[in-house]
Amino acid sequence: MSYTVELSKINEVKSSEVGSKAYNLMLLGELGLNVPSGLVIKGKALDSFLKRLDYDIDNGQEWSENGALEIFESIDFSDDLLYELKSYIAAGVSYAVRSSSTAEDLADGSFAGQYKTVLNVSGLANITSAIKKCWASFWSERSASYKLNRTALPTKVKHSVIIQEMINSEVSGVAFSANSITGRRDEIVIEAAWGLCEAVVSGSVTPDLIRYDKCNSVIKQYQVSQKELEIVNTVQGTTTRQLAGEKRSQPCLTELQIIELANSVLNIEQHLGTAVDVEWTIAEGILYILQARPITALLPLPDPQRNFCRPTHIYIDFNTVSQGVKEPMTPIGQETQRYYFGEAFSLFTGKKAENPGWLKTIKGRAYLNMTVFMAKPGWRKPVAEKISVKDPSIGESLLEVMSRNDQDLKNSDLKFKMPLIMPFRLAKHLYFPMVNRFFKGMLKPLKAEQQAIAYGEETFEQIRRLFKDTHSLVDTFRAIRKAQLIMMKFSFIQYCYGAYGFLAIRKAEKLIDRYHIKCNLELVRRSMPSNPTTKMGHKMIKIAYQLRESSQIASPNHPLVKPFISEYGHRGNIEMDIGTPRWHEETSTVIRMINGYVEAPNLDVIYSDMKNEELAASAEIDRIYDSLASKAGQGTAKKVKKLLETYRLLAGLRELPKFDLMKFNNFLRTKMLEAGEYLVTKNRLADKQDIAYLYEADLRKDNLQELVEDRKREYLANKQIIITPPILTSKGEAVYGSSSLSTDLKGYPVAPGMASGRIKKLLTPDISLIDKGDIILTYATNPSWTPLFIMAGGLIMESGGVMSHGSIVAREYGIPAIVLSGSFSRFVDNQEVTINGHTGEIVLENNGG
């Protein structure tokens with residue numbers, strides 16, 4: 001039985017025997033790249049070693065790293081393994097001993113720095129000791145913490161070790177075949193420093209930064225850093241030494257070396273079939289590849305089939321922009337959203353679009369291709385302004401993205417030619433019905449709420465009729481598809497009953513300003529009687545007040561609470577998605593909210609303010625009337641008073657479409673669950689709720705439950721991604737925020753995203769010193785800091801680069817990180833800051849202390 005294999009002999013092993021890191025090196029050697037020669041100790045060597053201890057690596061008890069190492073050091077290797085090691089190891093040669101697990105260097109998790117690496121080892125005794133250290137790191141606390149937060153790792157893990165000849169590096173670094181901060185696939189990002197690559201990956205030095213244009217094969221940027229030190233090999237071992245003055249500010253790489261490295265990285269990316277980060281070194285003018293693995297935490301390209309070198313397309317996260325919903329949708333929620341857009345497009349254009357190409361689902365989020373609206377310069381600002389109404393930062397970011405891609409948008413290959421029939425279809429199905437409801441609200445505002453509610457009931461009955469003759473799963477999904485079209489038209493049309501209210505208050509404001517009347521229109525805008533969401537909140541507060549008065553708490557069957565759930569139970573936490581539960585199914589949300597009010601120390605004030613809001617609005621309208629009457633006369637005063645009263649009658653109806661749509665969605669969910677129950681009776685699903693994890697096309701497949709379990713894992717993984725970019729481009733650029741934050745504190749972004757929190761300055765990884773959401777500030781991190789990333793809201797480091805430990809783990813945990821030299825002296829503990837890991841900026845929120 002052979003326990004080892006040389007890196008050059010890829011045909012003799014499988015990846016599962018040697019781990020991802022070793023197997024990738026074998027692939028690169030096969031590709032013709034310079035990979036330092038080495039020997040791999042297969043995973044079965046550790047399995048065999050543990051059998052002598054009666055330990056099963058997959059099912060055994062959890063050890064500590066130190067505990068495992070103590071046991072390992074008391075036991076000798078088998079004669080067979082020792083013989084194979086002796087046959088390979090040469091006297092006087094230094095080796096790097098690295099872990100290689102089947103659970104690392106994967107697309108879903110890099111395990112960066114979680115397992116042991118021992119550098120500059122020579123002699124059999126020292127090498128066997130280093131191997132045991134690598135094995136023992138399998139049980140380290142840092143790797144255990146990391147595993148808990150990764151959802152797609154293999155269940156059966158093999159832990160191998162690589163023994164590889166050390167290279168006397170002159171310059172080393174890492175190279176990414178995509179920009180891991182912005183997400184752009186058309187860039188290679190290179191970090192370089194003098195000496196061994198350990199200086200870069202440990203964060204001991206801030207490296208030179210090079211950006212290389214993949215599409216045009218040119219260097220876009222070379223940013224030379226001040227490199228204070230280098231790590232080198234010596235006879236005594238690995239040593240850190242200070243650099244001489246001139247060398248500190250010299251570029252590490254020549255143009256020819258950059259081109260050679262870029263071409264190698266492109267070759268590796270193409271061969272491995274994914275974006276990669278590559279560890280490299282140069283010695284005596286020869287480029288060596290030390291490691292290559294997939295870049296983790298990159299969002300997929302919106303359209304993987306489209307070459308990213310073609311003109312840029314720009315995508316907007318529809319649910320974030322339109323609803324402020326950042327959570328992912330279940331598969332059936334994604335399906336109904338496709339129905340919604342597809343049916344609308346078909347209705348207005350006469351063209352079929354069952355699976356619209358301009359709608360992309362990425363990590364459970366729906367991204368709309370907005371390029372066709374941005375290709376015309378005159379449309380760009382209005383589009384951004386419309387989005388800014390929902391989220392000003394997204395609107396600002398969109399303007400920046402459009403400006404950066406101006407030439408691409410001018411040369412856009414995406415054109416939309418409006419069908420001649422489209423204006424007539426829009427007029428028939430939307431414009432005329434909307435105008436009709438607008439004038440009904442304007443002319444008879446007292447009846448508008450009643451008419452709008454009646455229209456909702458009529459529409460609900462129309463949707464119910466769709467399901468009267470459904471006799472199969474296909475019929476059910478066809479009815480759900482048709483319901484989406486009805487719901488789309490309904491949401492536009494019902495909204496118009498109250499639309500005049502917003503025009504009314506603008507007219508009133510102009511007259512109030514003309515006569516310089518001082519007033520508080522915010523009082524007029526509060527507690528509008530026709531707003532169903534306001535009514536719901538008021539009922540909840542009233543229930544809480546009554547419960548506290550009687551020294552009770554809320555429960556689902558309480559006489560005060562039960563009617564509330566009956567009336568509002570169609571709402572839900574992620575209610576646009578019919579795959580998620582409603583309040584009447586999971587009442588804990590409602591109970592928790594009501595009891596939160598019951599326990600609030602200021603409930604009396606909240607209740608009193610609620611009762612007085614409508615009176616305060618009426619009093620303010622009367623005060624405005626009196627002021628105008630004395631300045632502008634009774635006619636103007638009466639006109640403004642009527643406009644403000646009309647506003648209060650109508651404007652609250654803006655929430656009614658959403659309220660009614662959620663009733664419709666609740667009904668569709670019941671029909672979906674009935675279909676799920678049918679599949680349970682046919683033994684195709686274990687639970688009716690599982691249908692939420694299927695698409696319509698899946699119903700024709702076998703092994704539905706297996707598919708459901710895979711989709712559940714994917715959905716849970718998507719839910720763990722708390723921060724997703726509201727804007728994506730076809731080049732892979734992920735835009736999280738505007739770069740126009742006003743601050744002079746700007747560092748080097750190493751993990752994207754934005755976060756606000758209190759600074760906590762740490763010299764050691766003491767988790768007891770931080771609270772959830774704190775911004776950790778430290779000089780640099782190593783794998784022992786990994787558990788703190790679960791609690792942290794963000795990370796600021798004094799030194800490091802994109803490939804340093806803190807940067808990699810921050811990206812995978814979804815928290816922003818920035819490298820800013822001198823930051824430790826710039827901040828104090830508990831200083832509140834906002835950090836932008838996309839731009840590198842830090843905004844001070846107060847003076848801390």
Side-chain angles (χ1 to χ4, degrees), residues 6-8 21-22 24-39 88-98 117-123 127 162-175 188 190-202 204-205 207-210 212 219 222 224-225 227-268 276-292 801 803:
E6 292 185 30
L7 283 174
S8 59
K21 184 180 295 182
N24 283 347
L25 287 174
M26 289 177 157
L27 287 172
L28 300 183
E30 186 183 43
L31 194 58
L33 297 168
N34 293 318
V35 175
S37 60
L39 185 74
Y88 183 82
I89 295 168
V93 176
S94 294
Y95 297 91
V97 182
R98 308 174 188 270
T117 291
V118 186
L119 298 177
N120 218 1
V121 187
S122 59
I127 287 174
I162 309 168
I163 303 170
Q164 202 170 12
E165 286 189 32
M166 289 284 289
I167 302 296
N168 291 319
S169 306
E170 297 155 7
V171 58
S172 303
V174 292
I188 291 175
I190 300 168
E191 292 183 339
W194 301 114
L196 294 173
C197 198
E198 182 68 13
V200 176
V201 299
S202 67
S204 302
V205 65
D208 287 358
L209 172 70
I210 302 108
Y212 184 85
I219 299 169
Y222 196 129
V224 181
S225 71
K227 299 168 285 292
E228 305 289 332
L229 53 85
E230 64 178 345
I231 300 175
V232 296
N233 285 332
T234 66
V235 176
Q236 290 77 27
T238 302
T239 301
T240 300
R241 66 188 183 194
Q242 296 297 312
L243 285 169
E246 288 185 4
K247 196 172 182 182
R248 289 183 178 187
S249 57
Q250 283 180 359
C252 291
L253 295 174
T254 66
E255 182 177 350
L256 288 176
Q257 287 173 328
I258 292 170
I259 293 170
E260 180 188 8
L261 177 56
N263 287 335
S264 296
V265 170
L266 286 170
N267 200 0
I268 294 168
V276 292
D277 74 60
V278 176
E279 191 174 321
W280 56 270
T281 192
I282 295 175
E284 297 181 355
I286 299 173
L287 172 66
Y288 293 90
I289 304 299
L290 305 179
Q291 182 172 293
M803 192 53 192

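Every heavy atom of this structure was used, including side-chain atoms; hydrogens, water molecules and symmetry mates were not.
Closest approach of V171 and A193 over heavy atoms only: CG2-O, 3.2 Å. For S249 against V224, the heavy-atom pair with the smallest separation is O-CG1, 3.3 Å. The shortest non-hydrogen separation linking I163 to Y88 is O-CE2, 4.4 Å. Nearest heavy atom pair, residue E284 against residue E170, reads N-OE2, 2.6 Å. Taking both residues in full, the closest heavy atoms of L229 and L243 are given as O-CD1, 3.6 Å, listed atom of the first, atom of the second, then distance. The two residues G29 and V35 come nearest to each other via the heavy atoms N-CG2, 3.8 Å.
Distance check, rounded to the nearest 0.5 Å: CD of E198 to OG of S169 gives 11.0 Å. How far CG of L196 is from CD of E230: 8.5 Å, rounded to the nearest 0.5 Å. How far CD1 of I190 is from CG of L209: 9.5 Å, rounded to the nearest 0.5 Å. In this structure, the separation between SG on C197 and CG on L119 is 10.0 Å, given to the nearest 0.5 Å. In this structure, CG in L266 is found 4.0 Å from CD1 in I188, a value given to the nearest 0.5 Å. The line from CG of N120 to OG1 of T239 is 8.0 Å long, rounded to the nearest 0.5 Å.
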(request) Output, in order, the C-alpha distance, side-chain angles, deciding distance and verdict of side-chain contact (heavy atoms from CB on, under 4.5 Å) for V200 and E279. (result) CA-CA 10 Å; V200 176; E279 191 174 321; over 6 Å; no
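The side-chain heavy atoms of Q250 and W194, taken from C-beta on, include a pair separated by under 4.5 Å. A heavy-atom distance below 4.5 Å is not found between the side chains of W280 and V265. When side chains are defined from C-beta on, L290 counts as touching P36, because their heavy atoms get closer than 4.5 Å. Within the 4.5 Å cutoff, no side-chain heavy atoms of S204 are placed close to those of T240.
For E165, the side-chain hydrogen bond (donor to acceptor under 3.5 Å, both in side chains) partners two or more places apart in sequence, or in a different chain, are S37. With sequence neighbours excluded, the residues satisfying salt bridge (Lys or Arg N to Asp or Glu O under 4.0 Å) with E228 are R248.
At distances below 3.5 Å, at least one donor-acceptor pair connects side-chain atoms of S172 with backbone N or O atoms of G195. A donor-acceptor pair is defined here as one N or O able to donate and one able to accept, closer than 3.5 Å; no such pair exists between the side chain of N267 and the backbone of N263. Looking at D208, its side chain never comes within 3.5 Å of a backbone N or O of E191 through a donor-acceptor pair. Looking at Y95, its side chain does come within 3.5 Å of a backbone N or O of A90 through a donor-acceptor pair.
At most 12 heavy atoms of other shown residues, nucleotides or ligands fall within 6.0 angstrom of atom CD in E246.
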